[in-house]
Amino acid sequence: MLFYILRRLIAVVIMLIITSIATFLLFFAAPEDPARLTCGKNCTPATIEGNRKALGYDKPLPVQYGKFVTGIFAGRDYPDDPALRAAAPELVVHCPAPCLGYSRVDNEPVLDIIKSGLPISASIALAGFVLWITTGVLGGIVAALTRGRWPDRVIVGIALIGFSLPTFFIGLLLLVFVAIKWQLVPVPSYVAFTDNPAEWARNLVLPAITIAAVYAASYVRLTRAYMLETMSEDYIRTARSKGVREWKVIGRHGLRAALTPIVTAAGLDLGGLLGGAIITETVFTFPGLGYTAVKAVTDFDLPLIVGIVITAAFFIIFANLVVDVLYGVIDPRVRLA
């Protein structure tokens, strides 16, 4: 098992390196001059050139990538040009490791901006994850065990409706009617868990339901399909013929065999959400990574966009690692692959 995990860790490191190179190259593939986008509408050629030197955009691409990687492990000082730092030491900004760049729009290191938005995205993602896994998997099990009867039809019908409605529509519907018109809950406004745990949980209700409504519908269908396939296997009939209790047949034999595709989907979906639930955060104006990414695109803040992309990629790759490890726990045959 240890060797299996080690192989997966090596693959994660390689994928992160490839992702960082691809993201960095895409940064410079943009049609606009990165230095031009670091100042407002009244940019002068002198200002653009000064920003180019301050951010290190005047160096060759391999040198810039080398400085970028060095900044991740050892930190970095801005302005990038030593002559500019020596001429105005009071303007020097130190970006501590891991440094993902410096935002000229917000005048702060990219990592600091990401740190402020990450707890918000993580709160929404984890709350939605718990809700959609619970309702989706349980709904799928009930639908499979009552195949063809009214509980199955009701659950599948609700799942189809939830799957058909776009996320922004569900969010706006909940916001307008549940929070504003009926006032069943306050209009969501993010409160940190450390400040007030009760308010933190209450303000996450509507965003979590918005995310869970779409994802739970997919998990109902996924769980139902694999449970139906598993419960028709010969070993399930053998377990029943031996007098094994039905709940053990369902939980220990049926559900465990159906867990592999569910774990795959859950890991990737959660990893993607940790990178930023863009639509949900925008609807409820939660300044998480998704909301920050939209703002960065609007402001043409390319260093921040690169930082968010790498952060999102990290969570997705890490989620793949967790899924691979869980595969080895659920099915020992995977370790030999």
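Values reported hereafter were calculated over all heavy atoms of this structure, with side chains retained and with hydrogens, waters and symmetry mates removed.
In this structure, R221 has no side chain to side chain donor-acceptor pair (under 3.5 Å) partners at least two apart in sequence or on a different chain. D58 pairs by the salt bridge (charged side-chain N to carboxylate O under 4.0 Å, His left out) definition with nothing, not counting sequence neighbours.
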Original post:
Can you list the steps and then say if S20 with Y65 is a side chain to side chain donor-acceptor pair (under 3.5 Å)?
Top reply: CA-CA 9 Å; S20 68; Y65 181 73; 2.8 Å; yes

Original post:
Can you check side chain to side chain contact (heavy atoms under 4.5 Å, CB included) on I209 and V178, steps first, answer last?
Top reply: CA-CA 12 Å; I209 293 176; V178 177; over 6 Å; no

**OP:** For side chain to side chain contact (heavy atoms under 4.5 Å, CB included), just list the numbers for V185 and L206, CA-CA rounded to whole Å, side-chain angles, deciding distance to a tenth of an Å, and then say yes or no.
**Re:** CA-CA 8 Å; V185 295; L206 294 187; 3.7 Å; yes

Original post:
Under the side chain to side chain contact (heavy atoms under 4.5 Å, CB included) criterion, do V214 and L165 qualify, and how do the steps go?
Top reply: CA-CA 8 Å; V214 177; L165 297 176; over 6 Å; no

Subject >> Test log, rule side chain to side chain contact (heavy atoms under 4.5 Å, CB included), inputs V12 and L16 >> reply: CA-CA 6 Å; V12 165; L16 283 174; 4.1 Å; yes

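Here the closest non-hydrogen pair linking F163 and A217 is N-CB, 3.6 Å. Taking each heavy atom of I308 and L289 in turn, the nearest pair found is CD1-O, 4.1 Å. The heavy-atom pair separating N203 from V187 by the smallest distance is OD1-O, 3.8 Å. Of all the heavy atoms in P79 and R85, the pair that sits closest is O-NH1, 2.9 Å.
Put simply, the side chain of D106 never gets that close to the backbone of E108: no donor and acceptor are under 3.5 Å apart.
Dense packing is recorded around OH of Y57, with more than 12 heavy atoms of other residues, nucleotides or ligands lying under 6.0 Å away. Other residues, nucleotides and ligands contribute at most 12 non-hydrogen atoms within 6.0 Å of the NZ atom of K53. Heavy atoms of other residues, nucleotides or ligands lying less than 6.0 angstrom from OH of Y291 number 12 at most.
Sorted by first then second residue, the side-chain hydrogen bond (donor to acceptor under 3.5 Å, both in side chains) pairs that include residues 141-152, not counting sequence neighbours, are D152-R224.
Of the options I133, T134, L126, a side-chain contact (heavy atoms from CB on, under 4.5 Å) to V130 is made by T134 and by none of the others.
Of the inter-residue distances, the one linking L204 atom CG with T210 atom OG1 reads 11.0 Å to the nearest 0.5 angstrom.
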